[in-house]
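Note sheet for the following structure.
Reckoned from all heavy atoms, side chains included, excluding hydrogens, waters and symmetry mates. As the structure lists them, so they are numbered: ligands from 1, and atoms in each ligand from 1.
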Amino acid sequence: MKKLVVLGGGYGGMRILNRLLPNQLPEDIEIVLVDRVPYHSLKTEFYALAAGTISDHHVRVTFPEHHKLSVKYGEVTKIDIENNTIHFEDYSTLSFDDLVIGLGCEDKYHNIPGAQEHTFSIQSINNSRKAYQALNDLAANKVVAIVGGGLSGVEIASELRESRPDLTIKLFDRGNIILSSFPERLSQYVQNWFETHGVEVVNSSNITRVEENTLYNHDEPIHCDTIVWTAGIQPNKIVRDLEVEKDNQGRVVLTKQHNIPGYDHIYVVGDCASLPHAPSAQLAEGQAEQIVQVLVKRWNNETPPESFPQIKLKGVLGSLGKKHGFGLVNDRPLTGRVARLLKSGILWMYKYHKG
Ligand SMILES: Cc1cc2nc3c(=O)[nH]c(=O)nc-3n(C[C@H](O)[C@H](O)[C@H](O)COP(=O)(O)OP(=O)(O)OC[C@H]3O[C@@H](n4cnc5c(N)ncnc54)[C@H](O)[C@@H]3O)c2cc1C
């Protein structure tokens, strides 16, 4: 038996399993899925978990069951690509014949002193639970700062607004308008929503330091009771530690078949892979589809496609609490209840097909 190890049961890893397991796995291949948590975590919903508007159970999906799939739970500490071995925190090891690395991303703190130590994160389920505890334990009328006005910053600020109307919420954003990578009409819609709902958006901010309960914006101290960091991401530390070529965001440069150059049996999927789009769950799934094609061809001793068409993304949808949303669907801006309904519908479908 040859062993395919899938590191990370996130959006990319799950799509690989869901495509291979039903009927594409050759007789002589078995799969080992590795994750630190015993379920697929719906990272796109972590903002609501942290805000306290959905339960923990709502963001978990069980891993598939199959006689050719075994699951190893553990914290990966190192990938030895020269010796085809995965190392774990408990000093155990796991060998592989083929490997797909899908370990996702972590916060990036841009070397801002105190940012990592004094802020909460929503980049992993464990950290989102800690953020939930801190935010929901706050006494009445306390001040929450959210640093970073991208999609996840906007979603947690609005969800928290609905969850805790008593809190003062300040959203610090570097741009002179929120969601600056979106069309202006959408940014304006979101900015207006925040104004109407009493979330203070601090534009053109520059966080220079963080201390316990204090955020420094352009070196000006601002008292905050809880600070949440959503101001940047970078690939998982395990991947950052790999001695292979990376792009300027630290993501692994890959061949057109999505393997590490010189290592035809080691693929990288999702947030850790250098792709011509911003990282997203949709992109991880699209790339996983292509990796499956390459794996199957190579297992059958056939030549994989020389290149693939660009991965098609359908768009982005963000929520503003439970009733409003915004987004771009097939390049068309969408706002209001329809956008929110669409987002909920997509999540429902995703869980329905995985559950
Ligand atoms: C609040 C928020 C909202 C988002 N909204 C959207 C959205 O609306 N649409 C969209 O397309 N994208 C969205 N994203 C981005 C999306 O979640 C990621 O791009 C996507 O999860 C990447 O998939 P992945 O397979 O690369 O990794 P992940 O889904 O992050 O999976 C990584 C897996 O690896 C495991 N893991 C990590 N490190 C270790 C280790 N050392 N040992 C063992 N296991 C480990 C984790 O437990 C996890 O299961 C959002 C992200 C956030 C934070």
Counting only nitrogen or oxygen atoms and a 3.5 angstrom limit, does [X] reach ligand 1?
X: Gly13; answer: no
X: Asn236; answer: yes
X: Ala284; answer: no
X: Phe46; answer: no
X: Tyr47; answer: no

Give every donor-acceptor pair under 3.5 Å between a side-chain atom in residues 89-98 and any protein atom, sequence neighbours left out.
residue: Asp90; atom: OD1; partner: Ser92; partner atom: N; Å: 3.0
residue: Asp90; atom: OD1; partner: Ser92; partner atom: OG; Å: 2.6
residue: Ser92; atom: OG; partner: Lys72; partner atom: NZ; Å: 3.3
residue: Ser95; atom: OG; partner: Lys3; partner atom: NZ; Å: 3.3
residue: Asp97; atom: OD2; partner: Lys3; partner atom: N; Å: 2.6
residue: Asp98; atom: OD2; partner: Trp299; partner atom: NE1; Å: 2.9

Atoms of ligand 1, numbered as shown, that sit under 4.0 Å from any heavy atom of [X]:
X: Gly12; value: 25 (O)
X: Leu317; value: 8 (O)
X: Glu75; value: 40 (C), 41 (N), 42 (N)
X: Ile122; value: 1 (C), 53 (C)
X: Gly74; value: 42 (N), 43 (C)
X: Gly270; value: 26 (O)
X: Ser152; value: 1 (C), 2 (C)
X: Gly8; value: 33 (C), 34 (O)

Can [X] and [Y] be counted as an ion pair, charged N to O under 4.0 angstrom?
X: Glu162; Y: Lys323; result: no
X: Glu289; Y: Arg19; result: yes
X: Lys343; Y: Glu155; result: yes

task = Consider ligand 1: state whether an atom of it lies below 4.0 angstrom from any non-hydrogen atom of Val34.
result =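 No, Val34 has no heavy atom closer than 4.0 Å to ligand 1.
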Close approach, Ser41 and ligand 1, non-hydrogen under 4.0 angstrom =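 The answer is no, since Ser41 has no heavy atom less than 4.0 Å from ligand 1.
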Winner among [options] once heavy atoms are compared against [atom]:
atom: atom 18 (C) of ligand 1; options: Ile16, Asp271, Val269, Leu313; value: Asp271
atom: atom 30 (O) of ligand 1; options: Lys43, Glu159, Arg36; value: Lys43
atom: atom 45 (C) of ligand 1; options: Ile86, Leu103, Val76; value: Leu103

With heavy atoms only and a cut-off of under 4.0 Å, state how [X] meets ligand 1: side chain, backbone, both or neither.
X: Tyr11; result: both
X: Lys343; result: side chain
X: Glu155; result: side chain

task = Provide the full list of ring pair (Phe, Tyr, Trp, His ring centres under 6.0 Å) pairs with a residue in residues 117-163, sequence neighbours left out, each pair given once.
result =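 Applying ring pair (Phe, Tyr, Trp, His ring centres under 6.0 Å) to every pair that reaches into residues 117-163, excluding sequence neighbours, yields nothing.
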I'd like to know if the side chain of [X] pairs up with that of [Y] as donor and acceptor (distance under 3.5 Å, no hydrogens or angles considered).
X: Gln257; Y: Tyr267; answer: no
X: Asn84; Y: His265; answer: yes
X: Thr44; Y: Tyr11; answer: yes
X: Gln191; Y: Asn203; answer: yes
X: Tyr189; Y: Glu184; answer: no
X: Ser121; Y: Asp107; answer: yes
X: Glu45; Y: His58; answer: no

remark   = Among non-hydrogen protein atoms, atom 4 (C) of ligand 1 lies closest to Thr44 CA, 3.6 Å
remark   = protein heavy-atom neighbour closest to atom 46 (C) of ligand 1 works out as Asp35 OD1, 3.5 Å
task = Considering non-hydrogen atoms only, spot the tightest contact between Arg240 and Pro235 and give its length.
result = NH1-O, 2.8 Å
